[in-house]
Amino acid sequence: MKKRVNTFMAASALRSFFLGLVLYLPLLTQAQGLGDLVAQSDTFLPVDEAYQLEVEIVSEQEIRLYWQIEDAYYLYQHRFKAKLESEQGLLNTTFEFSPALDKNDEFFGDVSVYYSYADIRLLADQRFLRAKLSITSQGCADAGLCYPPNTEHFIVNGQTGAVTRVDSSTPLTTTAANLAASPAMGAAENPSDKAGPSLWLALVFAFMGGIILNAMPCVFPILSLKVLSFATGDPSTHHRHTWWYLIGVVVSFVAVASVLMTLQGMGSAIGWGFQLQSPGFVIALAYLFTAMGLSLSGMVQFGGNLMNLGGNLASQGGNRGSFFTGVLAVVVASPCTAPFMGSALGFALTQPAPIALSVFAALGVGMASPMVLLSYSALARRVLPRPGAWMETLKELLAFPLYATAVWLLWVAGKQAGVDTMATALGGLVMLALGLWLYRGSHLRRFIAVVCIGLALFLATLRGPTPEAGTEVRREGTVVWSETALQGLLDEGVPVFVDVTADWCITCLANEQAVLFTDSMTAAFEERGVVYMVADWTQYDPVIGTFVNSHGRSGIPLYVMYPPNADPFILPQLLTSGIVRDALDRVSSTGTAP
């Protein structure tokens, strides 16, 4: 009987974990359907035939972009992106759009589109001579096919007017003679060779970021419980279990990366932690953390202890339990972003799938490696106290960080979907706890327990009125980010600091409470006349997602400082008062526009 109870509890917890992932199945099904449509139909034109781009240099600060669009095809106005990089660095650019048609699109809703042709001007904030231009566009066919975003690359010269189409891996330093001799430079070479130094650097950064993730508040309680298991059992068992843990971590990171890349390929402007923008996934995590806390408190049992969660699913000892511990560690790591991760993942998501997945795998190896090394350390085994009552006491104590995490997750759900949604989710947690408690008893108690758990899952799906945009109380001294407001301030010569944050981002909250929202830092912003703009990405917002991607990042926090009349620069993801003050001093030293 006990075995059946444990199996049921493990299955219930896993069901809660995968509840949020189910929310994304319709999107993935749509992506698969689009892929099948492309594969099965030969009536749709290749993207470079449907949309033919010509680039013309108008002046040293203006480029004309002209797309000839085939009949029954169109381009989205809001999906155009540009990157203009000179030898001095990245230039700020803005689009001047020609009139477009309004359309209710099945993929993006009410949008502006171009049929037949698109004639657009790209304006740079300063003169350029030789530069590399990358233009991204996305379009669809009236017959129902939506192409993924398409990026084309050119070497342009603002002085001579020369324009040469190049491969994405062509460096800006390539000479004109080499370009003339090989217009499709790099086509016959191994792409990984071209990306060699950048790829290796991204792998190192991802590995280091994975190691640092272990110290994040999201992950540390889970790993503390895993370390407890080293106090008992033989070393060979610990070695085997930690290798299964590593496999679980790596597989989970690769799976998340695959979903992320699939959704981005469909045109969604999402990044790391995208699943936490879904209230359903956030509530599912709160349920899972509560169930784990109840297990540690001794109220319910999952196969003896938390680290055997999943161990009863097969007769392989604790191997599967260790694997699912790795899965769980990745799930709870989602709200955290470690140093080095931002640039590494931003690089990964601009590369072909094999390179991108290798970077995410390196992140997983980095996260799991301390646990693997610890299992092989004789010193670590000697330092751990002998097994005893202290293990049970510590296990019960570690339940409280999990309860606190569940409270925080429900707060995030309330910010996303309203207080009514948070209240029904809290009611569901009460029913979940009652059901798990009742299950240890007679057949009647078990029946009532199943009803309670079913009711808990039902309450998790209910949604109240969503808070209206702009009704939240903003911190004094900050303004809401928008592309228009940002550009307007920059045109006036006002320095701007953009903080891309979210309520589910633990690193963001830590930076704000410890550094950014202190009274002394608020005074420092006021003294230097720097406008503090907040881009809240708690809920999915494709405009903010595009802004994040445009800075070479795939996740948050993202901090961008815009000096007047100078190129913007990005601050680290973990801030100190010294870092921010140095950035403010650097802005002040540039002066302001007359």
Side-chain angles (χ1 to χ4, degrees), residues 6 9-21 213-229 245 248-249 252 273 275-276 279-311 321-322 324-336 367 371 390-414 422 425-437 439 453 456-457 459-460 503-507 509-510:
N6 293 337
M9 295 307 174
S12 299
L14 291 175
R15 178 170 55 184
S16 298
F17 160 59
F18 287 111
L19 177 62
L21 295 180
L213 271 180
N214 290 282
M216 292 296 177
C218 329
V219 185
F220 185 73
I222 304 299
L223 300 187
S224 299
L225 293 168
K226 184 66 177 174
V227 173
L228 283 179
S229 66
Y245 167 77
V249 171
S252 300
Q275 64 271 34
L276 291 163
F281 187 84
V282 172
I283 293 172
L285 273 185
Y287 276 36
L288 177 59
F289 273 78
T290 301
M292 290 161 48
L294 293 174
S295 174
L296 296 181
S297 297
M299 182 177 176
V300 296
Q301 296 295 323
F302 291 137
N305 58 57
L306 179 64
M307 288 307 107
N308 286 330
L309 179 61
S322 296
F324 280 106
T325 301
V327 175
L328 180 62
V330 173
V331 172
V332 300
S334 299
C336 296
M367 182 175 177
M371 192 65 65
W390 69 269
M391 294 181 63
E392 188 65 25
T393 302
L394 181 58
K395 187 178 73 170
E396 293 175 357
L397 179 63
L398 288 173
F400 292 95
L402 299 180
Y403 294 139
T405 303
V407 171
W408 165 67
L409 287 167
L410 291 173
W411 171 75
V412 172
M422 182 174 63
L426 282 168
L429 277 184
V430 174
M431 299 309 298
L432 176 66
L434 178 61
L436 295 177
W437 176 73
Y439 199 81
I453 293 173
L457 296 177
L459 290 173
D503 292 329
W504 45 260
C505 172
I506 290 210
T507 310
L509 299 178

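- Shortest non-hydrogen contact noted between Tyr245 and Met371 is CE2-CB, 3.8 Å.
- Under the 4.5 Å side-chain criterion, counting only non-hydrogen atoms from C-beta, Tyr403 is in contact with Leu294.
- Shown here for Ala425 and Tyr287, the closest heavy-atom pair between the two residues is O-OH, 3.4 Å.
- Nearest heavy atom pair, residue Ile453 against residue Gly435, reads CG1-CA, 4.1 Å.
- Note that the CG atom of Leu288 and the CD1 atom of Ile283 stand 14.0 Å from one another [nearest 0.5 Å].
- For the atom pair OG1 of Thr290 and CG of Leu436, the computed distance is 10.0 Å after rounding to the nearest 0.5 Å.
- Between Val430 and Leu426 the shortest side-chain heavy-atom distance does not fall below 4.5 Å.
- Under the rule for a side-chain contact (heavy atoms from CB on, under 4.5 Å), the partners of Met431 that lie at least two apart in sequence or sit in another chain are Leu434, Cys452, Leu455, Ala456, Leu459.
- The structure places CH2 of Trp408 at 7.0 Å from CG of Leu509, a figure rounded to the nearest 0.5 Å.
- Between Leu409 and Val282, the shortest heavy-atom contact is O-CG1, 3.0 Å.
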